[in-house]
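Not measured: the values here are computed from a predicted model. Whatever order the structure lists them in is the order used to number ligands and atoms, beginning at 1. Heads up: numbering here begins at 1 and tracks the sequence.
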Amino acid sequence: MNERISALLKREPSQEVVQAEGWVRTKRDSKTVCFLEVNDGSCLKGLQVVIDKEQFANDALLDSLSTGSSVICKGPIVESSGGSQRVEMASLDVKLIGDCPTDSYPLQKKRHTIEYLREIAHLRPRTNMFGAVTRVRNTLSYAVHQYFQENGFVYVNTPIISSSDAEGAGQQFLVTTLDPKNPPLTKDGNVDYSKDFFGKKSFLTVSGQLEGEAYAMAMKNIYTFGPTFRAENSNTKRHLSEFWMVEPEMAFCNNDGNMEIAESFLKYLFKAVLENCEEDMAFFSKFVEKGMEETLRSIVDTPFVRLPYTEAVKELEKHASKFSFPVSWGSDLQSEHEKFLTEVVFKSPVIVTDYPKDIKAFYMKLNDDGKTVRGMDVLVPRLGEIIGGSEREANIDILTSRMLEMNLNPEEYWWYLDLRRFGSVPHAGFGLGFERAVQYVTGMGNIRDVIPFPRAPRLADF
Ligand code: 4AD
Ligand code: MG
């Protein structure tokens, strides 16, 4: 394999002839010399390739080298006399691999708006910003696996198609092969899903948690990392219809242990990008969210605030006039409330615990007060909720009555209830919205810009 441009840029000048492969970002000409900036996605900066016109190139070749074209360049890496780079390639040979017509290429040299780039999602990774997002996302993915592998968690792949509603919130996409115009019907006129592909009503999963719990009841500590789907009609800057979720699940663990792991996991991720994506993080700190690197560094060194929901509501009620949504005990925290707690009150990530049972999922462990559940959400400045999790209800009777209270049919969750029948233990887990993590560390304003091809209401292009 030939060296990537990131590696070539770290070389000391020498006479050794090396090869660079990539796409031309810019071309500048002087009378005798042509400068190409060639980028291959391995780092923010491109390699400056200097072509001596008289010696090495003909006019036809020089004309055909334009922004967007793909090239293979050969030559030694030498000290650069120019200002902004340490080394450059003194080209001995340039081959045009694929040309790129200047007049129809949608990426021009000028700065494009982020909305325009969203319309050309197949080309946007060729820009500085989306290249940087892609590398940071990659580093975070790797760090997710590193963290859990280093701490003895087993990676489990849970199904994408499932007949259970893991959140019990009815936000699922139906998976069917029935003819929508002429579906088979039951005697009472409903669609007969027993004739469908899976023999029952099936959906894209909203979370791998329930199946993850089954594996935690055997492997002790597991994690899943995969795509999840929500058919909620939320057109916001922090919601996607298809997003990736990281879900650890720990047996013999209560909610305190859960919070400890969530905090150390997030800090591990933040450190990973600070250490491995220095150049890209400097870019985000400068152009996207001022001082983001500094903010992350201080977060890594400071304990997160922990705050029971009841206390959070008391604090918010003092400032009720500042919000457009009312806040009182029993109501769910809105994004504006989450932001207020993290940005104004504590200026730090906050873990809110012990929410009212009626606003949380059926599986959360009921507290002794009978009113609240042992849930925890990690909130961060700018975004609000980044992690949601809980200790799970391990008592089969309480769990069954919670399902009934929430209009879920315990029979459909027979296997989940079995986990409480056979060797049940206290256990807990959480879900990190992976795109929210990418969004947070990069400072990107819209979640649609931190996943390659976003899916949202009325948006499934590419
Ligand atoms: O809070 P949620 O719904 O929790 C669960 O799904 C649990 N089963 C997790 C668990 O305990 N194993 O989702 C978890 C996280 C949220 O905190 C948020 O970061 C992210 O997933 N999330 C979304 N991200 C993007 N778009 C959406 N529509 C999201 N919905 C949730
Ligand atoms: Mg949640």
Side-chain angles (χ1 to χ4, degrees), residues 140 144 148 153 156 158 162 164-173 204-216 221-250 253 255 257-259 261-262 265-266 269 309 332-335 337-338 342 349-353 355-356 359-365 373-380 382-393 416 427-441 444 446-451 454-457 459:
L140 282 172
V144 165
F148 288 118
F153 285 65
V156 172
T158 49
S162 169
S164 321
D165 183 351
E167 292 300 301
Q171 295 176 327
Q172 298 164 292
F173 289 101
L204 293 178
T205 189
V206 293
S207 154
Q209 178 194 320
L210 304 193
E211 292 91 349
E213 283 184 54
Y215 269 71
N221 291 345
I222 64 97
Y223 69 107
T224 71
F225 184 9
T228 52
F229 308 85
R230 304 246 170 133
E232 62 187 316
N233 205 356
S234 299
N235 254 308
T236 79
K237 291 182 174 181
R238 52 177 212 154
H239 286 92
L240 289 166
S241 311
E242 174 180 306
F243 63 99
W244 286 64
M245 190 154 40
V246 181
E247 293 183 276
E249 191 71 34
M250 294 78 69
C253 181
N255 207 35
N258 199 27
M259 287 190 275
I261 292 171
F265 172 52
L266 274 184
L269 296 185
Y309 167 90
D332 207 356
L333 300 185
Q334 300 296 322
S335 154
H337 306 136
E338 297 177 341
T342 51
V350 177
I351 311 184
V352 177
T353 63
Y355 285 83
I359 57 170
K360 288 293 182 187
F362 66 93
Y363 51 69
M364 295 195 182
K365 183 177 170 66
V373 286
R374 222 159 278 174
M376 63 99 182
D377 279 4
V378 182
L379 316 179
V380 293
R382 274 192 297 107
L383 275 188
E385 179 185 345
I386 191 166
I387 279 181
S390 73
E391 184 170 340
R392 317 307 186 188
E393 184 55 73
Y416 186 67
H427 61 291
F430 61 84
L432 166 72
F434 187 64
E435 284 71 23
R436 296 227 178 137
V438 183
Q439 204 185 348
Y440 183 62
V441 302
M444 294 292 283
N446 194 319
I447 197 166
R448 297 180 187 194
D449 299 322
V450 298
I451 188 166
R455 270 82 185 91
L459 179 67

Q. Which value, rounded to the nearest 0.5 Å, describes the distance between Tyr363 atom OH and Leu210 atom CG?
A. 7.5 Å

Q: Check each of Glu213, Gln171, Arg230 against atom 6 (O) of ligand 1 and report the one with the nearest heavy atom.
A: Arg230

Q) Can you list the atoms of ligand 1 that are under 4.0 Å from a heavy atom of Arg238? A) 25 (C), 26 (N)

Q: Could you tell me whether Phe243 and Phe434 have their ring centroids closer than 6.0 angstrom?
A: no

Q: Do me a favour and list the nearest non-hydrogen protein atom to atom 19 (O) of ligand 1 with residue, atom name and distance?
A: Ile386 O, 2.8 Å

**Q.** Presence of salt bridge, Glu338 and Arg382, under 4.0 angstrom
**A.** no

(Q) Which heavy atom of Glu247 sits nearest to which heavy atom of Gly431, and what is that distance? (A) CG-CA, 3.8 Å

Q | Within reach of ligand 1, part of Ile387 (heavy-atom separation under 4.0 Å) | A | backbone

Q: Among all protein heavy atoms, pick out the one at the shortest distance from atom 26 (N) of ligand 1; state its residue, atom name and that distance to 0.1 Å.
A: Leu240 N, 2.9 Å

Q.
Can you tell me how far apart CD (Gln439) and CZ (Arg448) are? Round to the nearest 0.5 Å.
A. 11.5 Å

(Q) At less than 4.0 angstrom from any non-hydrogen atom of Glu247, what atoms of ligand 1 do you find? (A) 7 (C), 8 (N), 9 (C), 10 (C), 12 (N)

(Q) For the aromatic rings, using the six-membered ring if either is Trp, is the centroid distance between Tyr223 and Phe148 under 6.0 Å? (A) yes

Q. Should you measure from each heavy atom of Gly389, which atoms of ligand 1 turn up under 4.0 Å away?
A. 11 (O)

Q.
I need the atoms of ligand 1 closer than 4.0 Å to a non-hydrogen atom of Gly433, numbered in the order shown.
A. 15 (C), 19 (O), 20 (C), 21 (O)

Q) Considering only heavy atoms, does Phe243 approach ligand 1 within less than 4.0 Å through its side chain, its backbone, both, or neither? A) side chain

Q: Please determine if Glu249 and Arg392 form a salt bridge, counting it only when a charged side-chain N lies under 4.0 Å from a carboxylate O.
A: yes

Q | Distance-only polar pair, side chains of Arg230 and Thr228, donor-acceptor under 3.5 Å | A | no

Q: Quick one: pull up NE2 in His239 and OG in Ser234 and give me the separation to the nearest 0.5 Å.
A: 4.5 Å

Q: If you have a sec, work out which protein heavy atom is nearest atom 15 (C) of ligand 1 and how many Å separate them, to one decimal?
A: Gly431 O, 3.5 Å

Q) Can an N or O of Val206 be found at a distance shorter than 3.5 Å from an N or O of ligand 1? A) no

Q.
Between Glu213 and Tyr416, is there a side-chain donor-acceptor contact under 3.5 Å, judged purely by atom types and distance?
A. yes

Q) Is ligand 1 under 4.0 Å from a heavy atom in the side chain of Arg436, in the backbone, in both, or in neither? A) side chain

Q. Considering only heavy atoms of Ile447, which atoms of ligand 1 have at least one such atom less than 4.0 Å away?
A. 25 (C)

Q) So which heavy atom on Ser390 is nearest to which on Gly375, and how close? A) CB-CA, 3.7 Å

Q | Minimum-distance protein heavy atom relative to atom 17 (O) of ligand 1 | A | Glu385 OE2, 2.6 Å

**Q.** Atom indices of ligand 1, in the order listed, that fall short of 4.0 Å to a heavy atom of Glu232
**A.** 28 (N)

(Q) Students should be able to answer this: which protein heavy-atom is nearest to atom 14 (C) of ligand 1, and at what distance? (A) Met245 SD, 3.4 Å

Q. Quick one: does Ala166 get a heavy atom under 4.0 Å from ligand 1?
A. no

Q. Quick one: which ligand 1 atoms are inside 4.0 Å of a heavy atom on Arg392?
A. 10 (C), 11 (O), 12 (N)

Q) Quick one: does Tyr363 get within less than 4.0 Å of ligand 1, heavy atoms only? A) yes

Q: For atom 5 (C) of ligand 1, find the nearest protein heavy atom and state the residue, atom name and distance (0.1 Å precision).
A: Glu167 OE2, 3.3 Å

Q: Give a yes/no answer: is there an N/O/S atom of Glu385 under 2.8 Å from the Mg ion (ligand 2)?
A: yes

Q. Side chains of Asp449 and Asn446: is there a donor and an acceptor less than 3.5 Å apart?
A. no

